[in-house]
Amino acid sequence: NETAAVKVLPNGAQQQRAGVDDLEKAAVIGAKARAVSGLQSRLFGVDGVRAIERVAGNRRADQFPHRWRLGAEGAVARGLAAVDAQCGDVRFSAARRRVARLRRAAQLPPGKTAQTFDPGRLPPRLRQQLRELAEGRFLETPTNVLAFGLPGTGKTHALCAVGHQLVETGHSVLFVPAYRLAQDLLAAKRDLQLPRALRKLDQFEFLLLDDLGYLPQGADESQVLFTLMAERYERRSLGITSNLVFSQWDKIFQNPMATAAAIDRVVHHAVILEFDVPSYRINQAQQHDPQRSVPNAEPQKVPDAKEVNRQ
């Protein structure tokens, strides 16, 4: 048998035969490592491959003991554990870089986060709605988010806080004042680049338009804004904060037909947030100067979309 044949060989020949056996065994383990590397590369990409190559490359024959059958399984297990650790680090690092990139692209106000927002001022139903929005499931439908309320009631802060939480979980968000977006789209339209500008905005899962009620009252601005709403309809989520309720949107779109069409699109799949609370800024002013007289503005009730369409 093979063992007997090895015993009758001269010492030099036995050593040579042992070296050949070790090389064959090393090749087997190296093949296993390369197979693992190929599998991990499909799962983790180029960065994962580089990490794996540092851990699970070919080994020299003298790195393996002669009794390789006893140590092979342990060596492979340790190699796989090292590979998993390296790939875990790579995945964590890649996710962290992605969140940092999304955070820069979102242009969200850095100070308007969930940590700086006071939900205790809000009714329980509104607090629950904001918690559910922060989970991001509304992006799967996609669903619009419409926040109505008087100035200073926390509409922008609340939706920015939601936006920050979405970014931290890997979603793409863009915050932009409505007037600035309208001007950018008008410039793109003049340069015959409006379709390209709309495609660029389509990269964001959640587009947050702030202060729609302060949009300049012009036919050109309302036209490009309506085009944006039509393009994102049932494709991407749109967030809007406004101090104008639906019955006052004719101040934005001017044309009754365009107003009805815009409302119809944004409310078809929408979560409506009503900030029927006192102004946070007015409360702060009164706390600093209790004798100060401030106007008492009553919150406006958001009418039902069907009621607006009947009007």
Side-chain angles (χ1 to χ4, degrees), residues 95-139 142-184 201 203-215 225 228 232 236-245 266 270-288 294 297 299-300 302:
R96 187 167 50 188
R97 289 195 301 269
R98 171 175 167 77
V99 169
R101 185 171 63 251
L102 291 173
R103 193 181 296 122
R104 290 191 299 270
Q107 301 181 31
L108 288 161
K112 296 186 182 296
T113 65
Q115 288 71 30
T116 59
F117 184 68
D118 179 18
R121 304 172 51 250
L122 306 179
R125 170 174 166 75
L126 184 52
R127 293 200 300 266
Q128 178 63 27
Q129 286 178 305
L130 292 173
R131 284 194 296 267
E132 292 174 355
L133 290 172
E135 296 173 1
R137 290 195 298 268
F138 73 98
L139 298 174
T143 300
N144 298 323
V145 181
L146 313 176
F148 295 96
L150 293 174
T153 54
K155 307 180 300 295
T156 298
H157 196 157
L159 288 197
C160 285
V162 170
H164 278 289
Q165 291 169 296
L166 294 176
V167 167
E168 294 303 317
T169 54
H171 295 289
S172 55
V173 177
L174 176 63
F175 171 86
V176 59
Y179 79 89
R180 193 176 75 194
L181 181 61
Q183 294 301 316
D184 291 345
L201 293 173
Q203 299 173 2
F204 297 96
E205 297 175 76
F206 187 46
L207 176 60
L208 177 51
L209 298 183
D210 189 40
D211 284 334
L212 183 64
Y214 297 114
L215 187 73
L225 188 60
L228 171 68
R232 293 184 72 87
R236 291 291 194 180
S237 294
L238 184 67
I240 295 176
T241 70
S242 178
N243 62 331
L244 299 179
V245 294
V266 297
V271 174
I272 297 179
L273 310 176
E274 300 182 47
F275 285 77
D276 294 334
V277 295
S279 169
Y280 177 75
R281 288 188 285 268
I282 290 178
N283 285 348
Q284 274 197 325
Q286 289 178 327
Q287 289 174 5
H288 287 90
V294 293
Q300 295 173 299
V302 180

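All values below come from the heavy atoms of this structure, side chains included, with hydrogens, waters and symmetry mates left out.
Using a distance-only test at 3.5 Å, with no hydrogens or angles considered, no donor-acceptor pair links the side chain of Thr156 to the main chain of Asp210. Side-chain atoms of His171 never come within 3.5 Å of backbone atoms of Gly163 as a donor-acceptor pair (strictly under, hydrogens ignored). Using modelled atom types, one side-chain atom of Glu205 and one backbone atom of Ser172 make a donor-acceptor pair closer than 3.5 Å. Not a single donor-acceptor pair under 3.5 Å links the side chain of Lys155 to the backbone N or O of Ala147. The backbone N or O of Leu201 lies less than 3.5 Å from a partner atom in the side chain of Arg232, making a donor-acceptor pair. Between the side chain of Asn144 and the backbone N or O of Val266 there is at least one donor-acceptor pair closer than 3.5 Å.
Proximity of Asp211 to Tyr179: side-chain heavy atoms (C-beta onward) are nowhere separated by under 4.5 Å. Under the 4.5 Å side-chain criterion, counting only non-hydrogen atoms from C-beta, Leu102 is in contact with Arg98. With a 4.5 Å cut-off on side-chain heavy atoms, Val145 and Val162 do not count as touching. Using a 4.5 Å cut-off on side-chain heavy atoms (C-beta onward), Pro119 and Leu126 make no contact.
Within the model, atoms CZ of Phe275 and OG1 of Thr153 stand 6.5 Å from one another, a figure rounded to the nearest 0.5 Å. Residue Phe175 holds its CZ atom at 10.5 Å from CG of Leu207, rounded to the nearest 0.5 Å. Taken from CZ in Phe117 to OH in Tyr280, the straight-line distance is 10.0 Å, to the nearest 0.5 Å. Note that the NE2 atom of His164 and the OG1 atom of Thr169 stand 13.0 Å from one another [nearest 0.5 Å].
Annotation for Cys160 and Pro109: closest pair SG-CD, 3.6 Å, computed over non-hydrogen atoms. Across all their heavy atoms, Ser242 and Gly213 have their closest contact at OG-N, 3.7 Å. For the pair Asn243 and Tyr214, the tightest heavy-atom approach, listed with the atom from each and the gap, is ND2-OH, 3.6 Å. In plain terms, the two heavy atoms of Arg121 and Val277 that are nearest each other are O-CG1, 3.4 Å. In this structure, Ala270 and Leu146 approach most closely via the heavy-atom pair CB-CD1, 4.1 Å. Across Ala134 and Leu166, no two heavy atoms sit closer than the pair O-CD2, 3.9 Å.
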With side-chain contact (heavy atoms from CB on, under 4.5 Å) as the test, would you mind laying out the steps for Thr241 and Leu209 before giving the verdict? CA-CA 7 Å; Thr241 70; Leu209 298 183; over 6 Å; no

Assess whether side-chain contact (heavy atoms from CB on, under 4.5 Å) is satisfied between Thr116 and His157, documenting all intermediate values. CA-CA 9 Å; Thr116 59; His157 196 157; 3.0 Å; yes

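Screening residues 126-136 for salt bridge (Lys or Arg N to Asp or Glu O under 4.0 Å) gives Glu135-Arg137 as the qualifying pairs, with residues at least two apart or on separate chains.
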